[in-house]
There are 2 protein chains.
Amino acid sequence: MATTIRDVARLAGVSTATVSAVINDTAFVSPPLRERVLAAVRELAYTPSQAARSLKHGKSQLIALVVSDLANPFFARVVWAAEAAVAAWGYSLVVYNSDEKPENERRIMARVRELSCDGVVVVPVGPATYRTQRDFDGKALPMVLFGRSVEDKRADTVTIDNVAAGRLVTNYLIDLGHRRIGTITGPLHLTTGRGRYDGMLQAMQARGLTPAPEYVRSGEFREEVAYSVAREILERPDRPTALYIANGVMALGVMRVLADLGLECPRDISIASTDTISGIGGLQPRLTRTEHPIIEMTNEALRLLVDRIDRGNDVQPRNVVFQPTLILGESCGPVVA
Amino acid sequence: MATTIRDVARLAGVSTATVSAVINDTAFVSPPLRERVLAAVRELAYTPSQAARSLKHGKSQLIALVVSDLANPFFARVVWAAEAAVAAWGYSLVVYNSDEKPENERRIMARVRELSCDGVVVVPVGPATYRTQRDFDGKALPMVLFGRSVEDKRADTVTIDNVAAGRLVTNYLIDLGHRRIGTITGPLHLTTGRGRYDGMLQAMQARGLTPAPEYVRSGEFREEVAYSVAREILERPDRPTALYIANGVMALGVMRVLADLGLECPRDISIASTDTISGIGGLQPRLTRTEHPIIEMTNEALRLLVDRIDRGNDVQPRNVVFQPTLILGESCGPVVA
DNA sequence: CCACCAAATCTAATCGTTTAGCTGCGTTCG
DNA sequence: CGAACGCAGCTAAACGATTAGATTTGGTGG
């Protein structure tokens, strides 16, 4: 802390420029001098100050990750993958949680600018993304939108094909003979909510079916929410024979309802979901679900980001969409009643 | 980025000192001037550079969190709680994963110093903690050790009473009539591994029991590890009537073994664990386990850290130990055979 | 009416790096 | 032999904020 490049230079009997050259390997320094410098660095346990560096050439070696719900295991996993990715590039990861609140996102983006982070991966919060977008325009802060798409396609985005996910699961359920299929979806103003629901609708309509409105519920992607709305649906005497749950956290809530109501799956009802969470693998029965390649998605997002950091704004915006895979568990069976 | 305090000063027709005073509210500025400055700030969308600030008074507004396994849901939850806590204090959270490797921890700590983070919460990696400790001495970097204790008590620590956790679970199993109790523990050089195992031993010895060596296995806190060693134990014809699993991730692996071997819990065997993970709540049957107050622990760690940041090294090192709570699920029953 | 004081604002040094340009010196070649 | 050149290393000016101390201003009391 107290030791600066000057101290090193003095001890080694050279100029600060030479020390800098040695440290950054940015110019040739004769072996003897080089050795003296390195010895001095070691002796003083000198660490260059990133603050001073940042000040000089505007790069902070920081990448920010702003997720919409850090309590969601899906995003926890994204954090994990992102940390590994940025570490490989030599960056450090600053993590923020917008908690689905636009005002938090605003505050956070201001902070990101303040820290002069070199780039940011954002899971945009609902309808207020215009704001993020504006920041993007104004400041040319390299940015990748993650997981949810927004109207404006001028940003780099990494998303999943939500419609395909909904379709995939629904087709599977229909093939098993189900006709009374219900669903618990996420907020319909998010592509992760809307898209999955639309996929389900498409699949049903393609087979001449329409979901009964009383079997359709939407709400926040949270376990308690899922618990209470699933309970409403499942306590009906004419409950659906199958339920499509829009995300992993919600699926947990639904499984809890089944346990509490004494329903057995898949005997009494079939359950399938999208966006499973790590750890859910231990559920009995294993859930039939679509999975997204979280790690690949995260790596791709950071690849795009670093590329934009390096090459600037002359890169065309890129929109990468990942496809879901249907994973069969034991939570779905042929239609009963 | 391009707009500096000078630009603001010029536009407002004042000196940079005045702008600084207004922004930081650090000296009285007459209302009219103040207003002009604020207007200029708004017009230029000016954001102060944290890099310059850090350089000037050595504070970076960054707190680092170094966990030993970011893929573990326990630590994912710690990240979540920590982000919320540091945000409340006005800091940003830089997250690192040492992945249980001492050399990673070393590299990370160097980086933390480089960034001149104001403080760091570390989950120390195994036996190499001496190194972290040394860093601590040398540089007076405010630091709190989290989750695992180390020999040296000169650092602030926030830990859990692992021995109590092991004892609590084991006593419960013994009370149910179990005598042939096995265990899958974590690495014995970590207090989280050793302590829980010791607690189990204590509880058994207090009742005049000794665990059979063939029912005791230890290994890394990972699901696959637990899966394979649990399989070894459970395939024996004389398998134990109860198993104590040292952590949540491992418990998932064990439940998977049960499913694969067609064993039913608690009919065929009782399972209990420590350190449950979020989401595991959806398991059928619900696991009997000890839980730790993750959020309170994390908050406490950051309280200690911020306090040390503010008050410096004249604060005595504090060691806070949290007690586990036994949560009853349906995964344990009276002894069978 | 002037000297003096306090309050408001400004000037300029400073934090620790990087880096453009400069210096001095040994080679090379006409 | 001397001009020209290349090279290793140096000097000093940034980067953008904070802040001690200087300066201005207006008001007050003698």
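Every chain is numbered from 1 and lettered A, B, ... according to where its sequence line falls, protein lines coming before strand lines. Any value given below was found using the heavy atoms of this structure, including those in side chains, with hydrogens, waters and symmetry copies removed.
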Heavy-atom side-chain proximity of [X] to [Y] below 4.5 angstrom:
X	Y	answer
R111(B)	Q61(A)	yes
M109(A)	L141(A)	yes
F146(B)	T298(B)	yes

Derivation of the salt bridge (charged side-chain N to carboxylate O under 4.0 Å, His left out) call for R106(B) and E103(B): CA-CA 5 Å; R106(B) 273 236 313 282; E103(B) 69 269 25; over 6 Å; no
Distance below 4.0 Å between S15(A) side-chain N/O and dG9(D) OP1 or OP2: no
Phosphate OP1/OP2 of dG16(C) contacted by R6(A) side-chain N/O (<4.0 Å): no
What nucleotide, of [options], holds the atom closest to the side chain of [X]?
X	options	answer
A17(A)	dG16(C), dT19(C), dT18(D)	dT19(C)
L55(A)	dG16(D), dT19(C), dT19(D)	dG16(D)
T4(A)	dG16(C), dG9(D), dC10(C)	dG16(C)
I5(B)	dC10(C), dG16(D), dA17(D)	dA17(D)

Just to be sure I understand the rule, does [X] reach a base, reach only the sugar-phosphate, or reach nothing, if contact means heavy atoms closer than 4.0 Å?
X	result
S49(A)	sugar-phosphate
T16(B)	base
T18(B)	sugar-phosphate

Side-chain donor/acceptor of K56(B) to base of dT18(D), under 3.5 Å: yes
Residue closer to the 5' end of DNA chain D, A52(A) versus A21(B) (nearest nucleotide): A52(A)
How many Å lie between [atom1] on [X] and [atom2] on [N], as a whole number?
X	N	atom1	atom2	value
I23(A)	dT19(C)	CD1	P	13 Å
R10(B)	dT9(C)	CZ	P	20 Å
Q50(A)	dT17(C)	CD	P	11 Å
L44(B)	dG16(D)	CG	P	14 Å
Q61(B)	dT18(D)	CD	P	11 Å
R36(A)	dG9(D)	CZ	C1'	12 Å
F28(B)	dA6(C)	CZ	C1'	13 Å
R53(A)	dA14(D)	CZ	C1'	17 Å

Check: I63(B) main-chain N/O paired with D118(B) side-chain donor or acceptor under 3.5 Å: no
Under 3.5 Å donor-acceptor, S20(B) side chain and T16(B) backbone: no
Secondary-structure notation, DNA chain C, from Watson-Crick and G-U pairs under 3.5 angstrom (| other strand): ||||||||||||||||||||||||||||||
Nearest-0.5 Å distance, NZ of residue K59(A) to CD1 of residue I309(A): 6.5 Å
Inter-residue atom distance T159(B).OG1 - H292(B).NE2, 0.5 Å rounding: 10.5 Å
5'-most by nearest nucleotide on DNA chain C - S30(B) or H57(A): S30(B)
